[in-house]
S.K.: 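My structure is below; once you've seen it, I'll send some questions.
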Amino acid sequence: CTWFDNPLKGLDWMRQGNIPDLIISDIRMPEMRGDEFLAYLKLNELFKQIPVVMLSSEDSTSERIRLLEEGAEDYIVKPFNPLELKIRIKKIID
């Protein structure tokens with residue numbers, strides 16, 4: 001598990017050849033919003049196959065649908081149960 005405090009640092013790490021099995025991204029982050037991060041990943045040939053789980057404190061049906069349509073594998077509302085997150089991740093990467 002590798003963690004970054006903003007998506008630009010994560011992208012730099014990935015551009016160095018590190019390809020994660022899955023990305024968990026918040027919607028509200030410094031320097032780049034989560035939806036912008038997701039769009040960048042899905043438009044990039046190297047990264048578009050990486051499953052992305054979005055986390056948000058926004059329990060908006062329209063936001064959830066939009067991000068799922070844009071390529072997010074899942075959308076989880078905060079606060080969340082860590083066991084639920086673990087199960088959802090396991091279902092995606094197994």
S.K.: One thing to verify: whether Lys78 and Asp26 come together as a salt bridge, which I'm taking to mean a side-chain N less than 4.0 angstrom from a carboxylate O.
M.R.: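 A salt bridge is present here (some side-chain N lies under 4.0 Å from a carboxylate O).
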S.K.: Applying ring-ring contact (aromatic ring centres under 6.0 Å, His included), which residue pairs with at least one partner in residues 4-33 are found, sequence neighbours left out?
M.R.: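 Counting only pairs at least two positions apart or across chains, the ring-ring contact (aromatic ring centres under 6.0 Å, His included) contacts touching residues 4-33 are Phe4-Trp13.
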S.K.: Excluding sequence neighbours, so at least two apart, what forms side chain to side chain donor-acceptor pair (under 3.5 Å) with Gln49?
M.R.: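 Here no residue qualifies.
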S.K.: Please find the pair of heavy atoms, one from Gly34 and one from Ser25, that lie closest to each other, and give the distance.
M.R.: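 Reported closest heavy-atom pair: CA-OG, 4.1 Å.
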S.K.: Check whether any side-chain heavy atom of Asp5 sits under 4.5 Å from a side-chain heavy atom of Met29, and report yes or no.
M.R.: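 No, their side chains stay 4.5 Å or more apart.
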S.K.: May I ask you to decide if Lys9's main-chain N or O and Asn6's side chain share a donor-acceptor pair within less than 3.5 Å?
M.R.: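 Between the backbone of Lys9 and the side chain of Asn6 there is a qualifying donor-acceptor contact (under 3.5 Å).
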S.K.: With Tyr40, which residues qualify under ring-ring contact (aromatic ring centres under 6.0 Å, His included), at least two apart?
M.R.: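 Tyr40 satisfies ring-ring contact (aromatic ring centres under 6.0 Å, His included) with no residue once adjacent residues are dropped.
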S.K.: Once you round to the nearest 0.5 Å, how far does CG of Leu46 lie from CZ of Arg15?
M.R.: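 That separation rounds to 10.0 Å.
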S.K.: Name all residues meeting the salt bridge (Lys or Arg N to Asp or Glu O under 4.0 Å) criterion together with Glu70; count only those two or more places apart in sequence or in a different chain, and write none if there are none.
M.R.: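 Result, salt bridge (Lys or Arg N to Asp or Glu O under 4.0 Å) vs Glu70: Arg66.
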S.K.: Would you compute the distance between atom CG of Leu38 and atom CD of Glu73 and round it to the nearest 0.5 angstrom?
M.R.: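 Separation between the atoms: 10.5 Å.
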S.K.: Any side-chain heavy atom of Phe37 sitting closer than 4.5 Å to one from Val52?
M.R.: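 With C-beta onward as the side chain, the pair stays apart.
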S.K.: Restricting to side chain to side chain donor-acceptor pair (under 3.5 Å), what partner residues turn up for Asn81, sequence neighbours left out?
M.R.: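 For Asn81, no residue satisfies side chain to side chain donor-acceptor pair (under 3.5 Å) once neighbours in sequence are set aside.
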S.K.: Please report the shortest heavy-atom distance between Pro30 and Pro7, naming the atom on each side.
M.R.: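 Closest pair (atom of Pro30, atom of Pro7, distance): O-CD, 3.4 Å.
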S.K.: How would you list, by chain and number, every residue that makes a side chain to side chain contact (heavy atoms under 4.5 Å, CB included) with Glu58, sequence neighbours excluded?
M.R.: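 So Glu58 forms a side chain to side chain contact (heavy atoms under 4.5 Å, CB included) with Ile27, Arg28, Ser56, Glu63, Tyr75.
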S.K.: Of all residues at least two apart in sequence or in a different chain, which pass the side chain to side chain donor-acceptor pair (under 3.5 Å) check with Asp21?
M.R.: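 Residues passing side chain to side chain donor-acceptor pair (under 3.5 Å) with Asp21: none at all.
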S.K.: Rest of the hydrophobic cluster containing Phe80 (Ile/Leu/Val/Met/Phe/Trp/Tyr, side-chain heavy atoms under 4.5 Å)?
M.R.: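 The other cluster members (ILVMFWY side chains, heavy atoms under 4.5 Å, direct or chained) are Leu22, Ile24, Val53, Leu55, Ile76, Leu85, Ile89, Ile92, Ile93.
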S.K.: Under 4.5 Å between side-chain heavy atoms, chaining through other members, with only Ile, Leu, Val, Met, Phe, Trp and Tyr counted: pull out the rest of the cluster around Ile87, sorted by chain and number.
M.R.: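 Other cluster members: Leu83.
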S.K.: Run through the side-chain heavy atoms of Ile, Leu, Val, Met, Phe, Trp and Tyr, join any pair under 4.5 Å, and report what else lands in Trp3's cluster.
M.R.: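 Answer for Trp3: none, a lone residue.
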S.K.: By the salt bridge (charged side-chain N to carboxylate O under 4.0 Å, His left out) test, which pairs, at least two apart or in different chains, include something from residues 36-45?
M.R.: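 Residue pairs passing salt bridge (charged side-chain N to carboxylate O under 4.0 Å, His left out), neighbours aside: Glu45-Lys48.
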S.K.: Any heavy-atom pair between the side chains of Met54 and Leu68 that's under 4.5 Å?
M.R.: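 Of all side-chain heavy-atom pairs linking Met54 with Leu68, none is under 4.5 Å.
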S.K.: Which residues pass the side chain to side chain donor-acceptor pair (under 3.5 Å) test with Asn18, sequence neighbours left out?
M.R.: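 Partners of Asn18 under the side chain to side chain donor-acceptor pair (under 3.5 Å) test: none.
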